[in-house]
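This report refers to the structure that appears directly beneath it.
Lettering follows sequence order; numbering is per chain, from 1. As the structure is a computational prediction, the values presented were derived from the model and not from experiment.
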Amino acid sequence: MKGLFKSKPRTPADVVRQTRELLIFLDLHSGSRGGDAKREEKMAELSKNIRELKSILYGNGESEPVTEACVQLTQEFFRENTLRLLIICLPKLNLETRKDATQVVANLQRQQVSSKIVASEYLEANKDLLDTLISGYENMDIALHYGSMLRECIRHQSIARYVLESDHMKKFFDYIQLPNFDIASDASATFKELLTRHKATVAEFLSKNYDWFFSEFNTRLLSSTNYITKRQAIKLLGDMLLDRSNSAVMMRYVSSKDNLMILMNLLRDSSKNIQIEAFHVFKLFAANKNKPTEVVNILVTNRSKLLRFFAGFKIDKEDEQFEADKEQVIKEISAL
Amino acid sequence: MAAAAGSVGGDDHHHHQQARYPLDAGSYRLLCKIGSGVSAVVYKAACVPLGSAVVAIKAIDLERSRANLDEVWREAKAMALLSHRNVLRAHCSFTVGSHLWVVMPFMAAGSLHSILSHGFPDGLPEQCIAVVLRDTLRALCYLHEQGRIHRDIKAGNILVDSDGSVKLADFGVSASIYETAPSTSSAFSGPINHAPPPSGAALSSSCFNDMAGTPYWMAPEVIHSHVGYGIKADIWSFGITALELAHGRPPLSHLPPSKSMLMRITSRVRLEVDASSSSSEGSSSAARKKKKFSKAFKDMVSSCLCQEPAKRPSAEKLLRHPFFKGCRSRDYDYLVRNVLDAVPTVEERCRDSTQLCGCARGARCVSPCRHASSGSNVVAAKNRRISGWNFNEESFELDPTDKPPEQQQQQPCFPFHHDNDDDMVEHEQEQRRRQDGNDGSSDVAVPHLVTILGSLEMQRDMVMQVLEGDGGGGGGGGETAGREEMLVGYVRELEKRVQELSTEVEEEMARNAHLQELLHERACENHTDSSHTSGSR
C-alpha cells in the first residue's frame, strides 16, 4: 500500500536545490530566538539533505556512486552559490553534519563535468572563500573542518597559487605553533601541501619571496622551542630543498653562513629525529661544489668537532644511503 | 539510512557547551600512573582550573614512538571529530617537550581486558558480556556509519567507567575511507564495504592494505591483507572479543601474538589437545567446559566469525540480534556489583601488573601475559595442517579446518625441526624441550618463520604477476595507475617484511645453535655431576 503513495524520488539536483534553500533560511534566521522549534526542524532537514549529498557522491554500503548522478549534483551545486552558503553556515551545523559537509566539499573538488573541474572555476571566481577557510584556524570549533576543505581546494594549482601569494602565508607561521595539537598539525599539513604540491608554482613562490620566507622559516620555525614545530619544519625544509624543481632556491640557501649555523645547531639537538632530518639538509652545504668562503670558513673552524660528531652519528636501523651520505660529507669536510 | 542514524543515535554533544580543557601541562596534576606502553604512559590526573576534575592523560613519547607525526596527528584528529556516548573522545591534546599529552575522560574501571586478568580469568557472566558488547556495537555502528574502520577491536580497547558505562578507545590504527592522501590523485569513490584504498607511497601507512590491529583479534582477510578489507573485519574482531570475554582470553592466545598470526597465515597451527590428555591444564579446561552459554550468544558469535566477510552481519544488524534484546538497564547494576566491585582499582592494578607480569606493555598489554603460557603451563601440543578456521558452536571455540590448503607450498628444510605428522617425533621434541628446561619456543619459531617467509615471497610474486599483467593490458587510465601504485607500495611492504623476517630467522637460528650448545654443555655437566641435576630440576 505504502508504495502506491510514495512520492517521486528526488533527483540529485533536487537535493542540492533543497539544501540551498535550507541554507538560505539558516543564514537569514541565524540570530532569531523566536522560531527555535521551526529552526530545529529545518536544521534536521538540512542535515538529512547533506547526508544524502554525501551518499550520492560516495555511494553507500549497498551501491557505488553513479557518475551521472554525481555530474548532475555537481552542476547544480556550482550553478549557484551553494558552496559559499555551506561554508558560511558551517559553524551553525552540528558536528555530524559538519563532517558530512566537509566530505561533500572535498569530493566536489574532483568532480568533472564535461572534463572540466567545475569546482576550480568556481573558486577562482570566489577567492574570498579561501580567506574564510584560512581564518578558520582561529576558531577551534571549525578549524579542522575548514582545514580539511582548504587542503582539498589547494589541489587546484590556481587556488594554491592564490594562497601562496596572499598575506595568509605569513599567518601560517602562527597557526603552526598554536597550542592545540590537532589544529597546529592541521595547519602544518596545509602549509606543507602548499609548499610541496605544485612544483613549478612553489619554485616560483620561493624565488620571489626568498628573503622574508626563509627569514621567518629560520627564526620562527627552525629556532622554535616547540619540539613538534621544529621537527616538522626541518623535515619540510629537507623536502623543499631536495626537490629538483627548487634547485635554484637550494643553491641560494646552502650558500649562506647564517643558514649553515642554524643547521649545525640542529645537528646538536637533543632529539635524534631532528638530528637526522637536519643532517639531510646539512649534507647539501657540504656537498656544494661552489661553497662561498664564509661557508668554507665555518666548516674549517669546526672541522674537528664535526668529524668527531659524524664518527659517532648512527641511526637505529641500517640505511645504506645514510651511511654513503655520511661518508661523502666526512670526505668533503676533511678535504677542505 | 536515515533509520540507521536514528536507531544508533549518534548523540551529539554540543561541544561549545563543554568545558574547555586547558592546553598546558601546568594546569594538570598527575596523580598516578595507570598504564604504560612501548611509547606511551597513561596517568590519572586532576585538571586544576576545572575544579580538579579527574581525567586520564596519555603521554605519548613522540621521539620514541615508531609512528611518524602524521599518523599521530591522524589519530588525534579522528578522536577530536568523533562524538558518541560509547566512543572515547579526547578533551584536547598538546605537546609537552617531545611528548604529546592527550587529555581524555578517566574511565575508572579500566579496560575489559584488565578486568578479566584481575579477577575473571575464566570470563565474565553472560549478562555482563551482553551489556558491554551492546555498547561496543553501538560505538561500532557509529564508526561504520562514519565510514571509519576501527581495526583493533578487543577487550583491551573497551573501557568501562565506574557506573558500568562503556567506551570504545584507541584509534591508533583506525582508518577513514573518506580520507584521501593529500599528494595523490587516487581513484576516489567506492562503497563502504570494499572501498579502494587511498593510494600513494608517501602515505602508505594510511592504506587499508597495511597490517593493523593486534594478531589474535585479526580477521583472516586482514592478515591476508592483499585481499583488502572493510568494516566487516571489525565484525570478526568483535566476535573474537566476545569469545575473549566469555573465556577470559582470545582463542589461540596460548601462543605469542606473532606466532598466532603466522599460523593463521600459513595455516599451520599447534593445537591444544583436549582436556583429557592434558593434565597440567585440566582444571581450567574443565572449568571452561562447565560454562554454559545461551544459544543466542553462540549464534551471535558464530555469525560474526563467518569466513566470508560479506556474510557477517553489519554492526547495525547485529544490534538487533536476540542476544542483545534481553539487555536491561539493571544489567549495568549487576555489572557494577558483581564485576567492577570484585576487581582492584586501576591504580592498584597498575602497581600489581608491573610486578606481576613485567610485560612492558601495561595498559595496552595483549592478553594473556606471557608468563601465563610459559613454564608449568606448557601443554602437550600437536602439529596439524589446517586450511582455515571454523567456529565451533558446540565448544564455543575457533576450530581449524583440516582440508588441505589450496596453495600448498613446498615444505622448506630446517636444520632443527622434523616437520612430520608423526606423533612420535613430536613427543620426542616435547620431551627434549622439557629436559632442556627452556620453553623451547625458538625450536618452533624458526620453521614457522621460514614458512611465513616462503608465503610472503609467494605473495610478492603473485602481486608482481598482477602488476606485470596490468602493465601489459595497459590503457586503464588513472584508476589503474592508482591501483598499480598501491600494489607497488604493497610489494615494497612485503619486501620489507621479508627482509625483517629473514633477519629474525637468522637470529632465531643463531639462538637455536646457542641453545644446542648450552644443552650439550649441560649434558656434559650432568654426566659429571648428577647430584646437581636432580637438585635443579
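- Most heavy-atom pairs under 4.5 Å with chain A, from the set Ala76(B), Ser314(B), Gly97(B), Ser98(B): that is Ser98(B).
- Lys272(A) touches chain B through backbone and side chain together, each having a heavy atom under 4.5 Å away.
- For a residue to count as touching a neighbouring chain, one of its non-hydrogen atoms must lie under 4.5 Å from one of that chain's; by this rule Ala189(A) touches chain B with the side chain only.
- Only the side chain of Asn226(A) comes within contact range of chain B, with at least one heavy atom under 4.5 Å from a heavy atom of that chain.
- With sequence neighbours excluded, no residue forms a ring-ring contact (aromatic ring centres under 6.0 Å, His included) with Tyr227(A).
- Looking at Gln109(A), Gln111(A), Arg110(A) one by one, the single match for side chain to side chain donor-acceptor pair (under 3.5 Å) with Asn107(A) turns out to be Gln111(A).
- Note: Asp182(A) leads Thr102(A), Ile228(A), Asp182(A) in heavy-atom pairs under 4.5 Å with chain B.
- For Ser148(A), the part lying near chain B is the side chain, with the backbone staying farther off; criterion is any non-hydrogen pair under 4.5 Å.
- Counting heavy atoms from C-beta on, the side chains of Asp100(A) and Leu53(A) never come closer than 4.5 Å.
- For an aromatic pair to be called close, the ring centres must be under 6.0 Å apart, and Tyr28(B) with Tyr21(B) fails this.
- When the candidates Lys230(A), Gln232(A), Met140(A) are compared by the number of heavy-atom contacts under 4.5 Å with chain B, Met140(A) comes out ahead.
- For Arg20(B) and Asp141(A), the salt-bridge test passes: some basic side-chain N is under 4.0 Å from an acidic carboxylate O.
- Less than 6.0 angstrom separates the ring centroid of Phe313(A) from the ring centroid of Phe322(A).
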